[in-house]
Amino acid sequence: ALAMPVGLATSPKAQASSSAKFTIKQYRTIKKYKHGMKATFSYQLPKLKGNSAAVKKINKDLKKSYSTEKKNSKTVFHFAKQDAAEFSNQSYFDTTTTKATYNKSKVISFRTYKKWWAGGVRRNTLDSLTYSLKTGKRLTVYDVAKGSRASVKKKLVKGAKKLGAESYYFKSMNLKDLSFILKNGKVYVYPQVNGPTMLKSFTIPSRYK
């Protein structure tokens, strides 16, 4: 097994104090098994530069997200070891790539794109790690969407229904936990209702331009 940081990607220059400087470190673990089977866990972890209380809080939460994904990666290694005798020369994977989509107005937003496969159905999901640079608080779709909570909720329900959400979806999903990306003055919301629409989104106005 190999686990190592493999390079840094530095953000563009911060614009005054309204944005943040950061690096993204690549972590990767590869395990090989019998009959050519292997499994890979890969994760890109952002880290903000600075020593303010907000930056420390954000970096702690980012590291927590990485630790959770690393713990969950045991699943892909388990299946690879289990299936090695039956399926030869296969490559299972659990990879997360990270990209900043918004970094101004005292808010920073990272898009995470996770690709997972360990035989059977492949799972691709998009999510966001979005924070206030003032407080270090992790922001929800209600925090970044323009309008009252009630008006935003109506838009979220309407958008999710268009992408196939039914009553059982809303019973099991808290709308504040919806995946979203903050970009170009819009909030791209990903309800991730089912397979065919997992990577489809609808947009609502953002508080941040």
Side-chain angles (χ1 to χ4, degrees), residues 1-12 14 19-33 36-51 54-84 90-103 107-133 136-141 144 177-183 188-192 195 198-201:
L2 302 174
M4 68 184 81
V6 288
L8 299 174
T10 305
S11 70
S19 61
K21 291 183 178 180
F22 63 91
T23 59
I24 293 180
K25 184 176 288 187
Q26 174 80 60
Y27 289 96
R28 182 175 290 119
T29 301
I30 300 173
K31 294 185 179 182
K32 296 181 179 180
Y33 304 92
M37 170 69 81
K38 73 174 183 178
T40 300
F41 167 69
S42 178
Y43 191 95
Q44 292 182 334
L45 173 64
K47 182 178 181 181
L48 273 59
K49 294 184 177 181
N51 296 305
V55 166
K56 289 180 179 179
K57 186 176 181 179
I58 293 169
N59 284 336
K60 183 178 180 180
D61 193 70
L62 289 168
K63 187 68 178 289
K64 183 180 178 180
S65 295
Y66 162 67
S67 297
T68 299
E69 289 297 329
K70 185 177 181 181
K71 183 178 180 180
N72 291 340
S73 71
K74 292 179 181 178
T75 302
V76 80
F77 295 125
H78 167 78
F79 282 121
K81 184 177 182 179
Q82 173 184 281
D83 296 348
Q90 295 293 316
S91 296
Y92 289 177
F93 53 82
D94 179 348
T95 66
T96 299
T97 55
T98 307
K99 178 182 179 181
T101 59
Y102 190 90
N103 186 16
V107 169
I108 189 163
S109 182
F110 296 101
R111 181 198 74 177
T112 62
Y113 181 29
K114 180 175 179 176
K115 299 170 70 176
W116 186 96
W117 185 66
V121 179
R122 295 174 185 255
R123 303 174 194 168
N124 296 342
T125 54
L126 279 169
D127 208 346
S128 168
L129 297 167
T130 301
Y131 302 91
S132 165
L133 294 173
K137 175 188 174 184
R138 186 167 174 177
L139 304 178
T140 71
V141 66
V144 300
D177 296 326
L178 281 176
S179 299
F180 69 92
I181 291 173
L182 188 60
K183 184 178 180 181
Y188 292 77
V189 184
Y190 292 80
Q192 302 182 124
M198 285 295 282
L199 297 181
K200 290 187 177 181
S201 66

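Relative orientation of the Y43 and Y66 rings is tilted, given thresholds of 30° and 60° on the angle between their planes. Ring geometry for W117 against Y92 counts as perpendicular: the plane angle is over 60°, on a 0 to 90° scale with 30° as the lower cut.
The side-chain heavy atoms of T29 and F77, taken from C-beta on, include a pair separated by under 4.5 Å. Looking only at side-chain heavy atoms (C-beta outward), K63 and L45 come within less than 4.5 Å of each other. Using a 4.5 Å cut-off on side-chain heavy atoms (C-beta onward), W116 and T75 make contact. Between Y188 and T101, every side-chain heavy-atom pair lies at or beyond the 4.5 Å cut-off. Side-chain contact between L139 and L182 is absent, with no heavy-atom pair separated by less than 4.5 Å.
In terms of modelled atom types and a separation under 3.5 Å, the side chain of Q26 and the main chain of S42 share no donor-acceptor contact. Listed for the T98 side chain is no donor-acceptor partner under 3.5 Å among the backbone atoms of T112. Between the Q44 side chain and the I24 main chain, no donor and acceptor come within less than 3.5 Å of each other. Under the 3.5 Å distance criterion, the side-chain polar atoms of N124 are left unmatched by any main-chain donor or acceptor of Y113.
Summarising the geometry of M37 relative to A80, their closest heavy-atom pair is CG-O, 3.4 Å, with the distance given to 0.1 Å. Across L129 and S65, no two heavy atoms sit closer than the pair CD2-OG, 3.8 Å. For the pair L133 and L48, the tightest heavy-atom approach, listed with the atom from each and the gap, is CD2-CD2, 3.7 Å. Here the closest heavy-atom approach between residue T40 and residue V76 is recorded as O-CG1, 4.4 Å. Heavy atoms only, all atoms of each residue included: R122 and F93 are closest at NH1-CZ, 3.3 Å.
Atom-to-atom distance recorded for Q90:CD and Y33:OH is 14.5 Å, nearest 0.5 angstrom. Rounding to the nearest 0.5 Å gives a distance of 9.0 Å between NZ of K57 and OG of S132. Rounding to the nearest 0.5 Å places CZ of F22 at 10.0 Å from NZ of K49. The NZ atom of K137 sits 12.5 Å away from atom CG of D61, with the distance rounded to the nearest 0.5 Å. In this structure, the separation between CG on L126 and CE on M198 is 9.0 Å, given to the nearest 0.5 Å. Interatomic distance, K99 NZ to F110 CZ, rounded to the nearest 0.5 Å: 12.5 Å.
Counting non-hydrogen atoms of neighbouring residues, nucleotides and ligands closer than 6.0 angstrom, the NZ atom of K114 exceeds 12 such neighbours.
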task = Assess whether side-chain hydrogen bond (donor to acceptor under 3.5 Å, both in side chains) is satisfied between Q192 and S179, documenting all intermediate values.
result = CA-CA 8 Å; Q192 302 182 124; S179 299; 3.1 Å; yes
